[in-house]
Amino acid sequence: MQKVKIIECPRDAMQGIKDWIPTEKKVQYLQSLLRCGFDTIDFGSFVSPKAIPQMVDTAEVLAQLDLSKTDSKLLGIVANVRGAESASLHPEIQYLGYPFSISENFQMRNTHKTIAQSIETLSEILNIADRSNKEVVTYLSMGFGNPYGDPWNVEIVGEWAEKLAAMGVTILSLSDTVGTSDPETIDYLFKNLIPKYPNIEFGAHLHTTPTAWHEKVDAAYKAGCRRFDGAIQGFGGCPMAKDELTGNMPTEKMLSYFTAEKVDCNINPMSFESSHNEATKIFTKYH
């Protein structure tokens, strides 16, 4: 039976919510997700509280999690060297996630760095991860298109994949950021990149409208992608997305697709249903 890795992204779902979600509520929700069987949980971020105030308690949340009965790995997002150094102090975290954009405009908006500066930062983060026995998940944001007028085509994406492979990147998640992906582009990129870079694990971090999710997951899976990011009920997504219907890929939709395709996601259905209910409570109360 084919297997895929499902990466649940509650951090992505929560980070844009203006109302403060109490630390104990975050812990409660994450604890429910830890019982589901996800490969990895993108649980928090070590970034400036001015940029993402909702994530200021990430270290406190981590300290309260019971990890004794889970096989899920934890991923923390970092945007600079300081954040990577902070995250590297926590042995419970297996992955540092770094958003690298091939759009100069978006890189400046997201991390206040040029692409050249961002490459230097990524190089330092790779070194920090190596020293602290962690791996880096590099997100290639604007991987499927660019709404800001910066140059974009599949060849540019390929050139950046080559550069990142040469730097030692081992996990590269192509990120849809503002919902610009289409099945043809998804198919082309994964079919071309996966065989070319066998030492890289490619992932799909897709954003979608409610009607486009199936064609996107289907294209990525059939093109060879076996690592998928999602968020229960599609909460979150890029706060700069122009379309308010564009959110994260709904995890429950992906699970229904993979069940129909007889693909093993390693998810416990009862635990997932419980987390789905928890998500409804949190995201309808704090929004």
Is it true that, when you exclude [X] itself, more than 12 heavy atoms of the residues, nucleotides or ligands shown sit nearer than 6.0 Å to its [atom1]?
X      : atom1 : answer
Lys73  : NZ    : yes
Asp19  : CG    : yes
Lys113 : NZ    : yes

Is [X] reaching over with its side chain to a backbone N or O of [Y], donor-acceptor style, under 3.5 angstrom?
X      : Y      : answer
Asp187 : Ala219 : no
Thr70  : Leu34  : yes
Asn268 : Ser271 : yes
Arg226 : Tyr221 : yes
Glu104 : Ile115 : yes
Lys134 : Ile93  : yes
Thr185 : Ser181 : no
Thr280 : His276 : yes
Lys196 : Glu162 : no

Evaluate Ser101 against Ser141 for side chain to side chain donor-acceptor pair (under 3.5 Å), listing each step before the verdict. CA-CA 5 Å; Ser101 181; Ser141 67; 3.3 Å; yes
Would you please test Val78 and Val136 for side-chain contact (heavy atoms from CB on, under 4.5 Å) and show each step? CA-CA 10 Å; Val78 301; Val136 175; over 6 Å; no
If you round to the nearest 0.5 Å, how far is OG1 of Thr58 from CD of Gln15? 10.0 Å
From CG (Leu30) to CD (Glu278), nearest 0.5 Å: 10.5 Å
Check against side chain to side chain donor-acceptor pair (under 3.5 Å), Ser103 and Asn105: CA-CA 5 Å; Ser103 155; Asn105 272 302; 5.2 Å; no
Can you tell me how the ring of Phe190 sits relative to the ring of Phe144, calling it parallel under 30°, perpendicular over 60° and tilted otherwise?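 Tilted: the ring planes of Phe190 and Phe144 meet at 30° to 60°.
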Evaluate the ring planes of Phe38 and Phe272, with Trp represented by its six-membered ring, and classify them as parallel (under 30°), tilted (30 to 60°) or perpendicular (over 60°).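 Ring orientation, 0 to 90° scale: perpendicular.
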side-chain contact (heavy atoms from CB on, under 4.5 Å) assessment of Tyr98 paired with Val137: CA-CA 6 Å; Tyr98 181 69; Val137 177; over 6 Å; no
Cation over ring, Lys216 on Trp213, under 6.0 Å and within 45°? no
Apply the side-chain hydrogen bond (donor to acceptor under 3.5 Å, both in side chains) test between Glu8 and each candidate in Asn248, Thr40, Thr251; give the one that qualifies.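 Of all the options given, the one that passes is Thr251.
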The test is side-chain contact (heavy atoms from CB on, under 4.5 Å); show your working for Thr170 and Glu201 and say whether it passes. CA-CA 6 Å; Thr170 55; Glu201 178 184 358; over 6 Å; no
Grab the two heavy atoms, one from Thr121 and one from Ala79, that are nearest each other, plus how far apart they are. CG2-O, 4.3 Å
I need the minimum non-hydrogen distance between Gly97 and Tyr139, along with the two atoms involved.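 Closest approach of Gly97 to Tyr139: CA-CE1, 3.8 Å.
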Side chain to side chain donor-acceptor pair (under 3.5 Å), that's the test. Do Gln54 and Lys26 meet it? Break it down for me. CA-CA 10 Å; Gln54 188 67 255; Lys26 290 175 182 149; 3.1 Å; yes
In sequence, state the C-alpha distance, the side-chain angles, and the governing distance for Ser173 and Ile171, and then conclude on side-chain contact (heavy atoms from CB on, under 4.5 Å). CA-CA 7 Å; Ser173 191; Ile171 305 174; 5.7 Å; no
Who passes ring-ring contact (aromatic ring centres under 6.0 Å, His included) against His214, sequence neighbours left out?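 Residues passing ring-ring contact (aromatic ring centres under 6.0 Å, His included) with His214: Tyr257.
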Between Glu85 and Arg82, does at least one N-O distance fall below 4.0 Å, as a salt bridge requires?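 No, no charged N to carboxylate O under 4.0 Å.
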Name the residue from Leu193, Ile102, Leu189 that meets the side-chain contact (heavy atoms from CB on, under 4.5 Å) definition with Leu140.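 Considering Leu193, Ile102, Leu189, a side-chain contact (heavy atoms from CB on, under 4.5 Å) with Leu140 is found only for Ile102.
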